[in-house]
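Working notes for the structure below.
Start at 1 and go down the list; that is how both ligands and their atoms are numbered. Since this is a predicted model, take the numbers as computed values, not measurements.
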Amino acid sequence: MPRVTLALVGAGLRGQSYARRAQSTGAGQVVAVAEPDPARRAAAAREFGIPPDRAFAGWAELAAEGRLADAAIIATQDRQHTGPTVRLADLGYHVLLEKPMATDEGEAAVIAEAAERNKTMLAVCHVLRYTPYTKALKSLLDEGRIGRLVSVEHLEPVGWWHQAHSFVRGNWRRSDTSAPMLLTKSCHDIDWLVYLFGRSPERVSSFGSLTHFRPEAAPPGAGERCLDCSVENSCPYSAKRLYLDCLGDPDREFWPLSAVTRDHTEQGVLRALRTGPYGRCVYACDNDVVDHQVVTMEFDDGATCSFTMSAFTPMEHRHTRLLGTHGFLDGDGVTLRLVDFRTGAEELLDTRTTAGASAADGHGGGDEALMDAFLRAVGSQDPALLKSDAAASLASHRVVWAAERARTSGTVVRLSPAV
Ligand SMILES: NC(=O)c1ccc[n+]([C@@H]2O[C@H](COP(=O)([O-])OP(=O)(O)OC[C@H]3O[C@@H](n4cnc5c(N)ncnc54)[C@H](O)[C@@H]3O)[C@@H](O)[C@H]2O)c1
């Protein structure tokens, strides 16, 4: 199969990971980059061998040149997905788009419509659909091994330090500059649950709030920054401990440390913590997104699902229990325990998941498998190799928005039958 040519739009942490995977497997070649940050742009051009006349200061400049590649990786920040996706789809690019599709329902619909209008492939980066663990679990369900699925209990353990990094101090801490956390974090989980059930729910409800990372929860003696704090040593959210401990570990230096500073020395980290957002006390930030949330869903046949997202966990794989009419499945992201009600027999299935749950680990193998599937789909012009299309992603995002409406209005929301 010929190499798929790629334009990288947003050479940040996610964009770099996908581009690296594409280039390293030989299935893709990054031939153009659009990135306003000159250092990131130059680094991407150097790493992928992109000539100077194919390195642009932004997606609009790239688009002004017409179509330069088979496909685009769009890995800009959440509020900058719609413009480049619609414009590049109109130019005929196939698109790998980071989640969330968009930060509001109207824009997500515009994106789906652009993909449909242009007959281009649009793969939203719901990496959980692509892990070996999900593949094994979905096969068991589709084979009817637990009968009809009646209830699901699913936990997303965000992890205490990950919450502090991304959702208290970092890019996804505020709804008005990013989006509600159910969209920015848990759209993965809602999409995954919809995928397992094979359809969207009919009704949703949700509760959740920001209970802990608020000024009134600060311990006596807390400073505005961890470097000036008299109780830093006993605080679980110490930025000093979190980021200095990353030094020397290449995976953790890439994530989360690269978001904090490019200078991966002790002095460089301390300088960033002295002046930058990641050195702030978790009780003295301008965050407003939730730190825990539950969503309950009811499906057309009466099946139910409860989903819990929480900051107050170790950072590890999701845990899921699936309760069927003929069997029970209990999964921890690596192993699945199946109990068959016909025989009472228990089976332990190792899904051969070696990668950890975090972004640094490639989300349990999902990042790489998604990139590989996208390149195969584009290279062979076969959208069936993708686990979701634009319409499926729009449908699962709509469940997220319905759940957010339920949480903020204190109501049960019924999804329209079209979803
Ligand atoms: N799939 C996942 O599991 C997952 C995990 C983390 C983040 N994300 C999502 O990935 C996206 C990117 O996250 P990130 O951590 O890589 O962010 P990042 O800030 O590191 O990268 C975004 C890049 O876009 C660049 N950019 C800004 N304006 C641009 C323009 N006009 N044209 C081209 N580039 C432009 C920025 O300079 C930056 O380098 C976000 O939407 C985020 O929510 C997905």
Side-chain angles (χ1 to χ4, degrees), residues 7-21 32-45 55-64 72-85 87-88 95-103 107-108 111 123-131 156 158-159 162 165-167 170-174 177-189 191-192 254-262 277-278 289 315 318 355-371 374 387-388 393 397 400:
L8 173 59
V9 177
L13 302 187
R14 300 296 301 167
Q16 289 172 38
S17 296
Y18 291 122
R20 232 165 245 159
R21 174 68 184 179
V33 59
E35 168 57 61
D37 179 323
R40 281 185 165 176
R41 186 166 68 241
F56 302 93
W59 64 264
E61 291 82 350
L62 167 89
I73 298 169
I74 300 188
T76 44
Q77 274 298 346
D78 300 348
R79 289 183 173 258
Q80 300 171 302
H81 287 181
T82 312
T85 306
R87 182 85 177 90
L88 296 186
V95 174
L96 182 83
L97 172 62
E98 255 307 357
K99 48 56 50 180
M101 257 177 120
T103 51
E107 289 199 14
I111 287 176
V124 175
C125 295
H126 286 305
V127 294
L128 293 182
R129 287 194 183 213
Y130 290 83
T131 63
E156 181 186 17
V158 175
H162 181 201
H165 172 75
S166 293
F167 304 99
N171 288 333
W172 297 276
R173 68 188 185 276
R174 292 182 64 88
T177 53
S178 172
M181 191 164 165
L182 192 69
L183 186 69
T184 60
K185 186 77 185 86
S186 310
C187 71
H188 277 313
D189 298 82
D191 178 77
W192 188 76
F254 179 66
W255 187 83
L257 193 61
S258 292
V260 178
T261 175
R262 278 190 200 115
Y278 293 92
V289 300
M315 189 181 171
R318 277 98 170 155
S358 78
D361 299 313
H363 298 112
D367 290 3
E368 294 185 347
L370 163 69
M371 191 69 228
F374 179 71
K387 304 266 182 219
S388 56
S393 295
H397 276 63
V400 174

N/O separation below 3.5 Å, Glu35 to ligand 1: yes
Can you say whether the rings of His165 and Trp255 are parallel (under 30°), tilted (30 to 60°) or perpendicular (over 60°)? perpendicular
Under 4.0 Å, heavy atoms only, figure out whether ligand 1 is touched by the backbone of Arg14, its side chain, both or neither. both
Decide whether the shortest distance between a heavy atom of Trp172 and an atom of ligand 1 is less than 4.0 Å. yes
If the threshold is 4.0 Å, N to carboxylate O, is there a salt bridge linking Asp367 and Arg21? no
Nearest non-hydrogen atom to atom 33 (C) of ligand 1 belongs to which of Ala11, Ala34, Ser166? Ala34
Heavy-atom distance under 4.5 Å between the side chains of Lys387 and Leu128, does that happen here? no
So is His81 close enough to ligand 1, meaning a heavy atom under 4.0 angstrom away? yes
Taking the non-hydrogen atoms of Thr76, is any one of them nearer than 4.0 angstrom to ligand 1? yes
State whether a side-chain donor-acceptor pair under 3.5 Å links Ser178 with Asp78. yes
Answer with yes or no whether Gln16 contacts ligand 1, where contact means a heavy atom under 4.0 Å from a ligand atom. no
Does Arg40, backbone or side chain, put an N or O under 3.5 Å from an N or O of ligand 1? yes
Does any N or O atom in Val127 lie less than 3.5 angstrom from one in ligand 1, N or O only? no
Pick, from Tyr18, Trp255, Trp59, the option with the minimum heavy-atom distance to atom 32 (N) of ligand 1. Trp59
